[in-house]
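Reading through the structure tokens given below for one structure.
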Amino acid sequence: MASQTGAIVQQSLNALMGDSSFLPLIQDQRREQAFQSLAAILSTPNKVHKAFLRIALDNGNVERIPAFRIQHNDALGPYKGGIRFHESVNEEEVTNLAALMTLKTALHEVPFGGGKGGVAINPRNFSEKELYSICKKYVQYFSDVLGPDKDIPAPDMGTGEREMDWMMAEYKSINPGSPYLGSFTGKSIINGGSLGRREATGKGVYFTFRYMLHDFLQKNSEWLSGSTNIFAQTALAYKDKPFSIAIQGFGNVGSVTAMEAYNCTALRNRVVAVSDRNVTLYNEDGLDVPALVEYAAAHRGDLPTSNEELNTSGITANVLEREDVLYLNTDVLFLAALEDQIRGDNVGKIQARIIVEGANAPITGEADEALAASGTIIIPDILANAGGVIVSYFEWLQGRETQFYTEEEVYKQLYAKMQKTMNSILPAYFGDPLPLRQNCFVHAVTKLSTVLYRQGKLY
Ligand code: GLU
């Protein structure tokens, strides 16, 4: 497990060691041993599957492409997590992401374990036929370890419903006669996907922000006004003020988050900046987000990159450098691109007071500490971006019953689940010195540890 997740898991265990209500039946020397066992189990994946996919390219060449499926922990249910197509994919990265999935599903009471997959390619450099072949090969190479009750992949960066449909179809041909709808989630609706799955992560990210900064506050403002917790104080300071918002990433998560922020009537938001792999677009009066979404949909997901492109599409914005989105003086910064975006070397330039992690692990451990010290509020990945896996769970359930929910029902259940998680964390958090990330980890580790203990895994 990469150091950051491992370090926070260790911190969580340290915090729990002295808590007498945690595993009360394990005492004295046995307690120390049990904590060591927990640290060993949670910091290591159960299984690492690696393959070099043999792919025949359109030009006749054969390439060997590194691919992974990492199964971190299945104490709470079948392994679950996306498959990422990105050039940076490597074993350490996928292992860390798999561990985050274990913690995310535990935190939100989703009955799955944690896993993650990856293929080390830039999908933009491959034709549709080549990508189809990569998807098929991925399932062929890992077919023994995948399945609706074993390990259920889903989309992640660089993959979407098209890839999940291809993979499910391959799984079905390899396992004739077996149930297959639950083998992959994030499929297209016509292939057994769930309404709302594509939007789920972005919707959940925005909902988490809104709930924490507004809904929870409205209901508890009297009690919160007595709290010395920095989050409570910040939330109260923003009670009647509008939020200026910057969003890094305009893909499946960032663009939906931007639309939610733009359309939200509960808060007076101004989405002043969005960015993608090419540019940052800035307008201090607020960007026309629907026009940008429409533009990206018509241009392979890319935002306009020049004044000319902005003019022809009638969008008013200044074109800035790609990285600039991180350093603007806004109230809120949503990180919905890649991991490791805020690091020791650039954390000093961050001005936003509230950061929401739509991507997984976008802030390094070093930067996280620096931000906490400067009083920046961080709503962490495992809390904020679980909408995807939650609706994946709904998709898996719907596939089992072959009964499908309406879109309205999906969002209602998604928000109810995320709200339940926040309600279980926030009262303790607002009276607690631990930052929110650590608080979420303690929750997840408590659940996992108790289950591991009861399953006899600490002997
Ligand atoms: N890839 C998404 C995540 O990181 C979703 C995983 C899933 O739906 O299983 O949470």
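FYI, side chains are in, hydrogens and waters are out, and symmetry mates aren't considered; it's all heavy atoms of this structure. Atoms within a ligand are numbered from 1 in the order they appear, just like the ligands themselves. Owing to the predicted nature of the structure, the values given are computational and were not obtained by experimental measurement.
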message: I'd like to know if the side chain of Q398 pairs up with that of S194 as donor and acceptor (distance under 3.5 Å, no hydrogens or angles considered).
response: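 There is such a pair between these side chains.
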query: Below 3.5 angstrom, do we get any N/O pair linking R197 and ligand 1?
result: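 The answer is yes, given that R197 and ligand 1 share an N or O pair closer than 3.5 Å.
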Hey, is [atom1] on [X] packed in by over 12 heavy atoms from elsewhere, all under 6.0 Å?
X    : atom1 : answer
R124 : CZ    : yes
K150 : NZ    : yes
Q351 : CD    : yes
R270 : CZ    : yes

Report the nearest protein non-hydrogen atom to [atom]: residue, atom name, distance rounded to 0.1 Å.
atom                   : result
atom 8 (O) of ligand 1 : S392 OG, 2.6 Å
atom 9 (O) of ligand 1 : K80 NZ, 2.8 Å
atom 1 (N) of ligand 1 : D156 OD1, 2.7 Å
atom 7 (C) of ligand 1 : A154 CB, 3.3 Å
atom 3 (C) of ligand 1 : K104 NZ, 3.4 Å

If the cut-off is 4.0 Å to any non-hydrogen atom of [X], which atoms of ligand 1 fall inside it?
X    : answer
N360 : 4 (O)
G82  : 1 (N), 6 (C)
V389 : 7 (C), 8 (O), 9 (O)
G388 : 8 (O)
K116 : 1 (N), 3 (C), 4 (O)
M101 : 3 (C), 4 (O), 6 (C), 10 (O)

task: Indicate, as side chain, backbone, both or neither, the part of P155 found under 4.0 angstrom from ligand 1 when only non-hydrogen atoms are considered.
output: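 Backbone only.
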query: Heavy-atom contacts under 4.0 Å between L97 and ligand 1: side chain, backbone, both, or neither?
result: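 The answer is neither.
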task: Look at ligand 1 and say whether R84 reaches it with a heavy atom at a distance under 4.0 Å.
output: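 Checking ligand 1 against R84, which is what was asked, there is no heavy-atom contact under 4.0 Å.
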message: Any heavy-atom pair between the side chains of E109 and K447 that's under 4.5 Å?
response: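 Touching, per the 4.5 Å side-chain cut-off.
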message: Do K203 and Y411 form a cation-pi contact, if we require the NZ or CZ to be under 6.0 Å from the six-membered ring centre and within 45 degrees of the ring's axis?
response: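 Here K203 passes the 6.0 Å and 45° test against Y411.
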field: Aromatic Y180 / basic K172 pairing, under 6.0 angstrom, 45° off normal
entry: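 That pair qualifies as a cation-pi contact.
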message: Under a 3.5 Å distance rule, please check whether H72 uses its side chain to pair with a backbone N or O of L42 as donor and acceptor.
response: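 Yes, the answer is positive, given that a donor and an acceptor are paired below the 3.5 Å cut-off.
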message: Tell me the closest heavy-atom pair linking I390 and K417, and the distance in Å.
response: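 Taking I390 first and K417 second, the nearest heavy atoms are CG2-CD, 3.9 Å.
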